[in-house]
Amino acid sequence: MTSPKKLFIKTFGCQMNVYDSERMAEALGGEGYVETKSQEDADMILLNTCHIREKAVEKVYSDLGRLKKFKEAKPDLKIGVAGCVAQAEGGEIMRRQPLVDLVVGPQSYHRLPEMEALIQQGKRALDTDFPEEDKFEKLKARPKAPRGPTAFLTVQEGCDKFCAFCVVPYTRGAEVSRPVTRILDEARNLVERGVREITLLGQNVNAYHGAGPKGTDYTLAQLIWELDKVDGLERIRFTTSHPNDMTDELIEAHGNCAKLMPYLHLPVQSGSDHILKRMNRSHTAESYLRVIERIRAARPDIVLSGDFIVGFPEETEAHFQETLDLVEQVKYGYAYSFKYSTRPGTPAAERALVDAAEADDRLQRLQALITKHQREIQDCMIGREVSVLFEKPGRDEGQMVGKSEYLHAVHVANANAQVGDIAKVRIVDAGTNSLKGELLS
Ligand code: SAH
Ligand code: SF4
Ligand code: F3S
């Protein structure tokens with residue numbers, strides 16, 4: 001019997017890429033590959049790339065350069081590039097980097113088995129189509145291998161919003177939602193394999209409108225209520241949402257659905273209406289704040305997170321102050337902030353840049369404010385009772401680490417629990433990035 005070939009995948013970018021990497025590993029599993037954590041051991045190395053900010057392409061080339069010595073040591077080694085850089089620059093990568101055997105875009109990785117067969121014959125394979133067939137349907141045979149307690153599940157992909165700075169509509173294509181029954185099947189499969197918390201993924205997940213079992217489309221809220229009925233599934237989350245698609249029904253689910261966790265990532269990008277308009281965000285700071293108000297009315301203890309871009313073309317100090325004001329008003333539990341990065345092919349790419357030092361300075365000030373709030377919110381948790389889903393053993397004997405319903409990392413000493421258990425915990429101490437708790441039940 002031949003021993004299985006070994007696959008090493010390096011994943012960059014968003015959670016959807018994490019999910020895609022799992023599915024690619026499964027697709028190649030049928031071709032006799034098992035995953036390895038060591039590049040040295042690998043028979044195939046796959047870089048699953050992200051194109052969202054600058055230097056993405058340079059990073060891929062420098063990574064590929066590093067892989068040269070592996071290929072020299074093992075001429076049979078196959079090297080592939082997947083993900084959003086593959087989609088955007090696939091042909092160019094093939095031309096510039098002869099050691100690449102395979103390039104596959106995010107919409108065509110269900111064709112990996114055929115592509116693998118090609119490269120085994122010494123050919124090169126490139127597929128960056130947006131095919132008609134449903135890649136998820138082609139990948140339907142899910143294995144029975146046990147899983148950890150949390151999982152991602154892509155329900156919607158692509159984006160029709162075309163924010164002026166963003167490559168996603170080009171790399172992931174138009175918005176497509178998966179049918180409800182397929183998602184439920186996949187969720188049940190995950191639960192059978194040990195999963196207790198599922199995070200539904202989509203670039204615009206709250207715009208989900210997948211074919212329902214009765215012939216009409218379901219909204220994300222309806223999908224969540226269907227998942228609520230899945231026995232053994234204890235927690236539901238979703239990300240990422242657009243403020244304009246936060247419907248009343250979805251907000252109500254945050255109030256009424258016990259399995260839907262009180263945490264919401266709702267990017268706003270800027271607090272300035274002028275900049276939001278130039279970003280083509282199609283909402284204002286005020287309309288965003290009103291959405292937050294409605295969410296907090298439905299679920300007062302919800303923890304919010306967001307994304308921000310500073311130094312977008314035309315952003316002045318006064319515009320930036322409006323962003324700080326918005327952050328001050330919302331008080332995020334977490335937030336991600338980025339310096340604007342020009343993406344070729346996007347509408348904003350032609351515009352004059354804000355002074356780089358100025359943008360750096362704004363980023364620092366914004367991050368300082370966000371961190372201050374994050375710390376305050378973590379401190380507020382002291383004395384409170386939370387439920388923790390244990391994900392792994394901690395460093396100390398008997399310690400377990402997991403996530404609260406608010407997505408805070410919680411360390412519990414002498415937990416006397418298994419991975420996958422959910423326990424009541426009282427928070428006794430807080431740091432900026434994690435909490436300490438004591439077991440109650
Ligand atoms: N679909 C999600 C997230 C898209 S990408 C949404 O609509 O919110 C994740 C984050 O990367 C964005 O929210 C934005 O803050 C940031 N981002 C996207 N393009 C960027 C660019 N060109 N420069 C800097 N940050 C960017
Ligand atoms: Fe990009 Fe905007 Fe679509 Fe989000 S909504 S993926 S930021 S274009
Ligand atoms: Fe990056 Fe593509 Fe995700 S560009 S953020 S990997 S959708």
Side-chain angles (χ1 to χ4, degrees), residues 9-21 24 47-57 59-60 81-89 105-107 109 128 152 154 156-176 200-208 238-246 264-271 275-276 278-283 288 304-313 315 323 332 334-351 353-354 356 359-360 362-363 366-367 370:
I9 306 188
K10 188 168 173 189
T11 307
F12 303 84
C14 62
Q15 290 140 325
M16 198 170 284
N17 260 13
V18 175
Y19 176 84
D20 288 344
S21 289
M24 288 193 279
L47 306 177
N48 194 10
T49 60
C50 171
H51 203 223
I52 202 82
R53 278 169 289 274
E54 240 163 339
K55 308 229 166 75
V57 182
K59 207 165 171 323
V60 173
V81 181
C84 292
V85 177
Q87 188 63 45
E89 306 263 339
Q107 300 310 346
Y109 62 72
T128 50
F152 295 130
T154 294
Q156 179 274 342
E157 199 169 355
C159 181
D160 298 339
K161 297 261 193 305
F162 291 93
C163 299
F165 50 80
C166 183
V167 293
V168 171
Y170 312 97
T171 59
R172 293 274 168 171
E175 278 182 20
V176 178
L200 307 174
L201 299 182
Q203 266 92 24
N204 264 307
V205 73
N206 56 344
Y208 173 86
F238 60 89
T239 196
T240 298
S241 300
H242 191 281
N244 288 359
D245 296 312
M246 282 311 294
L264 179 68
H265 183 63
L266 197 62
V268 60
Q269 313 300 352
S270 168
I275 296 300
L276 287 170
R278 300 295 288 143
M279 287 177 163
N280 193 32
R281 283 290 294 184
S282 65
H283 60 76
Y288 177 83
L304 294 162
S305 86
D307 288 344
F308 292 88
I309 295 177
V310 302
F312 189 74
E315 187 189 71
T323 298
Y332 294 91
Y334 305 85
Y336 307 88
S337 45
F338 312 98
K339 191 165 97 166
Y340 169 69
S341 171
T342 304
R343 308 312 293 127
T346 60
E350 307 300 316
R351 303 180 196 162
L353 290 175
V354 166
D360 284 331
R362 286 177 199 166
L363 186 63
L366 177 59
Q367 284 178 343
I370 289 167

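Both counts, for ligands and for their atoms, begin at 1 and track the order of listing. Fair warning: this is a prediction, and the values are worked out from it, not measured in the lab.
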Could you check whether any side-chain heavy atom of Leu201 comes within less than 4.5 Å of a side-chain heavy atom of Thr239, counting everything from C-beta outward? yes
For Cys159, is there any backbone N or O sitting under 3.5 Å from a side-chain donor or acceptor partner on Asn204? no
Within a distance under 4.0 Å of any heavy atom of Cys166, pick out the atoms of ligand 2 and give their elements. 1 (Fe), 6 (S), 7 (S), 8 (S)
How far does CZ of Arg172 sit from CE of Met16, to the nearest 0.5 angstrom? 6.0 Å
Can you run down the salt bridge (charged side-chain N to carboxylate O under 4.0 Å, His left out) pairs that involve residues 339-351, sequence neighbours left out, and say none if there aren't any? Lys339-Asp360
Could you grab the distance from atom OH of Tyr336 to atom CD1 of Ile370, nearest 0.5 Å is fine? 10.5 Å
Around atom 1 (Fe) of ligand 3, what protein N, O or S atoms are found below 2.8 Å? Cys50 SG
Verify the contact flag for atom 4 (Fe) of ligand 2, where contact means a protein heavy atom under 4.0 Å away. no
State the OG1-CD1 distance between Thr323 and Ile309, to the nearest 0.5 angstrom. 10.5 Å
Measure the spacing between NZ of Lys10 and CG of Asn48 and express it to the nearest 0.5 Å. 12.0 Å
When the aromatic ring centroids of Phe165 and Phe338 are compared, is their separation below 6.0 Å? no
Does ligand 1 have any N/O pairs with the protein under 3.5 Å, and how far apart?
{"unit_1": "ligand 1", "atom_1": "1 (N)", "unit_2": "Gln203", "atom_2": "O", "d": "2.7"}
{"unit_1": "ligand 1", "atom_1": "11 (O)", "unit_2": "Arg53", "atom_2": "NH1", "d": "3.1"}
{"unit_1": "ligand 1", "atom_1": "13 (O)", "unit_2": "Gln269", "atom_2": "NE2", "d": "2.8"}
{"unit_1": "ligand 1", "atom_1": "13 (O)", "unit_2": "Asp307", "atom_2": "OD2", "d": "2.6"}
{"unit_1": "ligand 1", "atom_1": "15 (O)", "unit_2": "Gln269", "atom_2": "OE1", "d": "2.7"}
{"unit_1": "ligand 1", "atom_1": "22 (N)", "unit_2": "Phe165", "atom_2": "O", "d": "3.0"}
{"unit_1": "ligand 1", "atom_1": "22 (N)", "unit_2": "Ser341", "atom_2": "O", "d": "2.8"}
{"unit_1": "ligand 1", "atom_1": "23 (N)", "unit_2": "Ser341", "atom_2": "N", "d": "3.0"}

Any side-chain to backbone donor/acceptor pair from Ser341 onto Glu54? Under 3.5 Å, distance only. yes
Any donor-acceptor pair under 3.5 Å linking the side-chain atoms of Gln107 with those of Gln87? no
4.0 Å heavy-atom contact, Gln203 with ligand 3: yes
For Phe238, all residues meeting ring-ring contact (aromatic ring centres under 6.0 Å, His included), sequence neighbours excluded: His254
